[in-house]
**Student:** 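Just dropping this structure here.
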Amino acid sequence: MATDPPRPRGVLWTPAHRATTVASLLVVTLIAFESMGVATAMPTLVADLHGQSLYSWPFTAFLVASVVATVLSGRICDRRGPGLSLVAGPAIFVAGLVLCGFAQNMFVLLAGRVLQGLGSGTVIVAIYLMIALVYDDRERPAMFAANAAAWVVPAMVGPSLAGLVTETVGWRWVFLGLVPPALLALVMLIPLARRLRTEAPGEGRRAGVWAAVGAAVGVAVLTWAAQHPSPAALAYGAGGLIVLAWALRTLLPPGTVTARPGLPTVVAARGLLGGAFAGMEAFLPLTMSAVHGYSPALAGLPLTVCALGWSAAAGVQGRHPDWSREVALRLGFGLVAVALVIFAFVSQPWFPGWLAFLGGVIGGAGMGTAYPSLSLLLLRFSPEAERGFNTSAMQLSDWVSSAVTVGLGGVLLALLASAEHPSPALAALAVLLTVIALLGVFVTRRWPTRE
């Protein structure tokens with residue numbers, strides 16, 4: 001049996017790569033901590049700012065801004081390279097942290113969340129493009145594995161740490177405490193941005209501003225409908241879906257809906273995988289608490305196990321740069337499908353709840369195997385002048401499908417069950433999500449022949 005060719009050890013920490021690795025991982029870690037910590041601090045801060053009626057809006061504002069920024073950053077990166085977005089993204093993110101930290105009312109807080117979303121969406125695309133320029137194809141698996149690992153510590157300690165900070169020194173320091181490391185990341189990124197090419201090699205596809213706004217509005221409406229299930233939510237949710245469909249016609253590569261072999265399959269697969277996993281992730285804590293009687297603290301532990309499985313699997317694939325990414329992607333879908341079958345059984349009170357931890361490990365391993373493979377395949381199939389557009393398209397596919405599946409779960413919960421007795425709705429959702437994962441196995445079987 002043929003063996004992998006020799007590969008330098010520690011490619012991420014060589015003198016040529018060390019600064020890039022540290023800066024990008026620091027940015028990802030900060031975004032992860034912010035994502036995990038804000039949800040924990042939100043009940044306290046909205047009460048302090050007398051904004052209970054606007055409880056969902058800080059999350060919605062961040063999401064809408066992220067969608068717009070992701071699309072526009074992809075366009076900028078294709079035209080000018082990632083340098084500008086690498087600097088502008090963290091700078092805007094820091095401004096949002098400061099504004100939220102000193103907010104005296106909900107409207108200022110919302111403005112800060114918009115800035116945070118703009119900064120996060122801008123820099124996420126730029127980091128992908130920076131990885132494509134700095135690391136070669138055999139080095140990228142290790143870098144994507146490191147990015148996955150950067151989410152593990154925030155997932156494990158972020159909510160608890162944010163809760164401790166909120167109780168001891170106040171919720172404002174959940175934001176302000178991230179400013180110094182964010183400024184450090186910005187300082188480290190400036191010389192890296194200067195060294196990267198400032199001009200793209202050609203004219204790639206361009207995403208329209210109005211299409212970006214339409215996608216943001218559509219995702220926001222779907223998310224709001226999911227958070228407030230009602231007959232009216234079905235109506236405006238359908239309207240948001242129509243607007244979103246119109247926007248995605250220009251924001252996704254042609255052939256994405258039909259999973260045409262090649263790049264369209266990569267973007268479609270990201271949507272299928274992200275949507276299937278997000279649906280389980282959103283309702284797993286409810287399953288553990290309402291169906292099996294776990295306390296709020298313990299109900300979220302399966303998600304921590306998911307994060308550990310994700311990181312471990314990403315680390316394994318990172319040590320094998322010559323693995324077939326097409327095969328790894330199908331394996332990831334298969335593992336997620338197995339996890340969803342376990343979720344279907346765990347959603348019933350007669351099934352042992354502790355098996356959710358096994359499902360979490362398997363599902364996380366599937367995501368850790370498939371997500372880096374998707375990122376690598378995207379770069380392989382993308383012309384260099386279109387990498388920014390395609391990266392934003394892949395991220396959009398993930399966000400949109402996640403909003404749809406989580407929203408669908410909310411609709412099923414309202415129609416078939418209740419939050420107190422959710423088992424019938426959760427079983428139906430788990431079956432649908434399993435079908436989505438199996439569809440992913442099917443659509444990723446065919447790939448174009450590459451010389």
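Values in this document were obtained by computation on a predicted structure and should not be read as measured data.
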**Student:** Below 4.5 Å, heavy atoms only, C-beta onward: do Pro302 and Met288 meet side chain to side chain?
**Tutor:**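 Counting from C-beta outward, Pro302 and Met288 do come under 4.5 Å.
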
**Student:** So, taking the atom named CH2 in Trp246 and the one named CH2 in Trp210, what distance separates them when rounded to the nearest 0.5 Å?
**Tutor:** 8.5 Å

**Student:** Of all residues at least two apart in sequence or in a different chain, which pass the side chain to side chain donor-acceptor pair (under 3.5 Å) check with Thr44?
**Tutor:** none

**Student:** Check whether any side-chain heavy atom of Pro285 sits under 4.5 Å from a side-chain heavy atom of Leu303, and report yes or no.
**Tutor:** yes

**Student:** Just jot down the side chain to side chain donor-acceptor pair (under 3.5 Å) partners of Thr444, sequence neighbours excluded, or say none.
**Tutor:** none

**Student:** Just by modelled atom types, is the Gly117 backbone N or O under 3.5 Å from a matching donor or acceptor in the Ser66 side chain?
**Tutor:** yes

**Student:** I need the minimum non-hydrogen distance between Thr405 and Gly279, along with the two atoms involved.
**Tutor:**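 Between these two residues, the closest heavy atoms are OG1-N, 3.8 Å.
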
**Student:** For Tyr128 and Ser24, does a side-chain donor sit closer than 3.5 Å to a side-chain acceptor?
**Tutor:**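 Result is no, nothing qualifies.
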
**Student:** For Leu379, does its backbone N or O pair with a side-chain atom of Ser382 as donor and acceptor, under 3.5 Å?
**Tutor:** no

**Student:** Please collect all side-chain hydrogen bond (donor to acceptor under 3.5 Å, both in side chains) contacts where either partner lies in residues 422-432, sequence neighbours excluded, each pair once.
**Tutor:** none

**Student:** Asn147 vs Ile131, test: side-chain contact (heavy atoms from CB on, under 4.5 Å). Steps then yes/no.
**Tutor:** CA-CA 11 Å; Asn147 277 340; Ile131 291 173; 3.5 Å; yes

**Student:** Check side chain to side chain donor-acceptor pair (under 3.5 Å) between Ser373 and all other residues, then give those that pass, not counting sequence neighbours.
**Tutor:** none

**Student:** Can you tell if the side chain of Thr391 reaches within under 4.5 Å of the side chain of Thr70, non-hydrogen atoms only?
**Tutor:**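 No, side chains not in contact.
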
**Student:** Got a sec, which residues hit side chain to side chain contact (heavy atoms under 4.5 Å, CB included) with Ala69, two or more places apart in sequence or on another chain?
**Tutor:** Leu118, Thr122

**Student:** Are Thr287 and Ser347 close enough that a side-chain donor and a side-chain acceptor fall under 3.5 Å?
**Tutor:** no

**Student:** On a heavy-atom basis, which atom in Ala185 and which in Leu30 lie closest, and how many Å separate them?
**Tutor:** CB-CD1, 4.5 Å

**Student:** CG of Leu433 to CG of Leu426: how many Å apart, nearest 0.5 Å?
**Tutor:**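 Between atom CG of Leu433 and atom CG of Leu426 there are 10.0 Å.
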
**Student:** Can you tell me how far apart CG (Leu335) and CZ (Arg330) are? Round to the nearest 0.5 Å.
**Tutor:** 13.0 Å

**Student:** I need the minimum non-hydrogen distance between Pro181 and Leu26, along with the two atoms involved.
**Tutor:**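 Heavy atoms only, the tightest pair is O-CD2, 3.7 Å.
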
**Student:** Tell me, which pairs form a salt bridge (Lys or Arg N to Asp or Glu O under 4.0 Å) where one or both residues lie in residues 338-366, sequence neighbours left out?
**Tutor:**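 Those involving residues 338-366 do not exist here.
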
**Student:** Say whether, by atom type as modelled, one donor and one acceptor occur between the side chain of Thr29 and the main chain of Leu25 under 3.5 angstrom.
**Tutor:** yes

**Student:** Between His292 and Tyr294, what is the ring plane arrangement, given parallel below 30°, perpendicular above 60°, and tilted in between?
**Tutor:** perpendicular

**Student:** How would you list all residue pairs meeting ring pair (Phe, Tyr, Trp, His ring centres under 6.0 Å) that involve residues 402-428, not counting sequence neighbours?
**Tutor:**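 Qualifying pairs, neighbours excluded: none.
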
**Student:** Can you find a pair of side-chain heavy atoms, one from Trp447 and one from Phe381, that are under 4.5 Å apart?
**Tutor:**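 When only atoms from C-beta onward are counted, Phe381 and Trp447 do touch, with a gap below 4.5 Å.
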
**Student:** Please find the pair of heavy atoms, one from Val165 and one from Trp173, that lie closest to each other, and give the distance.
**Tutor:** CG1-CB, 3.8 Å

**Student:** Please report the shortest heavy-atom distance between Ala247 and Ala215, naming the atom on each side.
**Tutor:**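 That closest heavy-atom pairing would be CB-N, 3.5 Å.
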
**Student:** Evaluate Val243 against Val221 for side-chain contact (heavy atoms from CB on, under 4.5 Å), listing each step before the verdict.
**Tutor:** CA-CA 10 Å; Val243 173; Val221 170; over 6 Å; no

**Student:** Without placing hydrogens or testing angles, list every side-chain donor-acceptor pair under 3.5 Å for residues 350-370, not counting sequence neighbours.
**Tutor:**
| from | atom 1 | to | atom 2 | distance (Å) |
| --- | --- | --- | --- | --- |
| Thr369 | OG1 | Ala365 | O | 2.8 |

**Student:** Would a distance-only check, ignoring hydrogens and angles, find a side-chain to backbone donor-acceptor pair under 3.5 Å from Ser311 to Leu308?
**Tutor:**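 Looks like no, no N/O pair under 3.5 Å.
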
**Student:** Do Pro141 and Trp323 have side-chain heavy atoms sitting under 4.5 Å apart?
**Tutor:** no

**Student:** Just list the side-chain donor-acceptor pairs under 3.5 Å for residues 256-275, sequence neighbours left out, or say none.
**Tutor:**
| from | atom 1 | to | atom 2 | distance (Å) |
| --- | --- | --- | --- | --- |
| Thr256 | OG1 | Pro253 | O | 2.6 |
| Thr258 | OG1 | Gly255 | O | 3.3 |
| Arg260 | NH2 | Pro254 | O | 3.1 |
| Thr265 | OG1 | Ala259 | O | 3.0 |
| Thr265 | OG1 | Arg260 | O | 2.8 |
| Arg270 | NE | Tyr371 | OH | 3.4 |
| Arg270 | NE | Asp398 | OD2 | 2.7 |
| Arg270 | NH2 | Asp398 | OD2 | 3.4 |

**Student:** Quick one: are Val125 and Phe389 in side-chain contact, heavy atoms under 4.5 Å?
**Tutor:**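 The answer is no, as the side chains (C-beta and beyond) never meet within the 4.5 Å cut-off.
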
**Student:** Calculate, to the nearest 0.5 Å, the distance between atoms CZ and CG belonging to Phe144 and Leu376 respectively.
**Tutor:** 5.5 Å

**Student:** For Glu34, enumerate each residue passing the side chain to side chain donor-acceptor pair (under 3.5 Å) test, keeping only those at least two apart in sequence or located in another chain.
**Tutor:** Arg113, Gln116

**Student:** Any chance you could measure Arg380, atom CZ, to Arg140, atom CZ, to the nearest 0.5 Å?
**Tutor:** 8.5 Å

**Student:** To the nearest 0.5 Å, tell me how far Leu63 CG sits from Ser120 OG.
**Tutor:**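 If I round to the nearest 0.5 Å, the distance is 10.5 Å.
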
**Student:** For Ser73 and Ser85, work out which heavy atoms get closest and say how close.
**Tutor:**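 Looking at all heavy atoms of both residues, the closest pair is OG-OG, 3.1 Å.
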
**Student:** Would one find more than 12 heavy atoms of other residues, nucleotides or ligands at under 6.0 Å from atom OH of Tyr236?
**Tutor:** yes

**Student:** For residues Leu178 and Phe33, determine if any side-chain heavy atom of one lies less than 4.5 Å from a side-chain heavy atom of the other.
**Tutor:**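 Counting from C-beta outward, Leu178 and Phe33 do come under 4.5 Å.
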
**Student:** Taking ring-ring contact (aromatic ring centres under 6.0 Å, His included) as the test, write out the residues that go with Trp399, two or more places apart.
**Tutor:**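 Result, ring-ring contact (aromatic ring centres under 6.0 Å, His included) vs Trp399: none returned.
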
**Student:** Hey, could you give me each pair passing ring pair (Phe, Tyr, Trp, His ring centres under 6.0 Å) that has a residue in residues 425-444? Not counting sequence neighbours.
**Tutor:** none

**Student:** Show your working on side-chain contact (heavy atoms from CB on, under 4.5 Å) between Asn105 and Leu49 and close with a plain yes or no.
**Tutor:** CA-CA 5 Å; Asn105 56 64; Leu49 298 178; 5.5 Å; no

**Student:** Does the side chain of Gln317 reach to within under 4.5 Å of the side chain of Arg325, using non-hydrogen atoms?
**Tutor:**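 Result yes, sub-4.5 Å side-chain heavy-atom pair found.
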
**Student:** Show your working on side-chain contact (heavy atoms from CB on, under 4.5 Å) between Asp48 and Trp171 and close with a plain yes or no.
**Tutor:** CA-CA 9 Å; Asp48 188 38; Trp171 61 265; 3.0 Å; yes

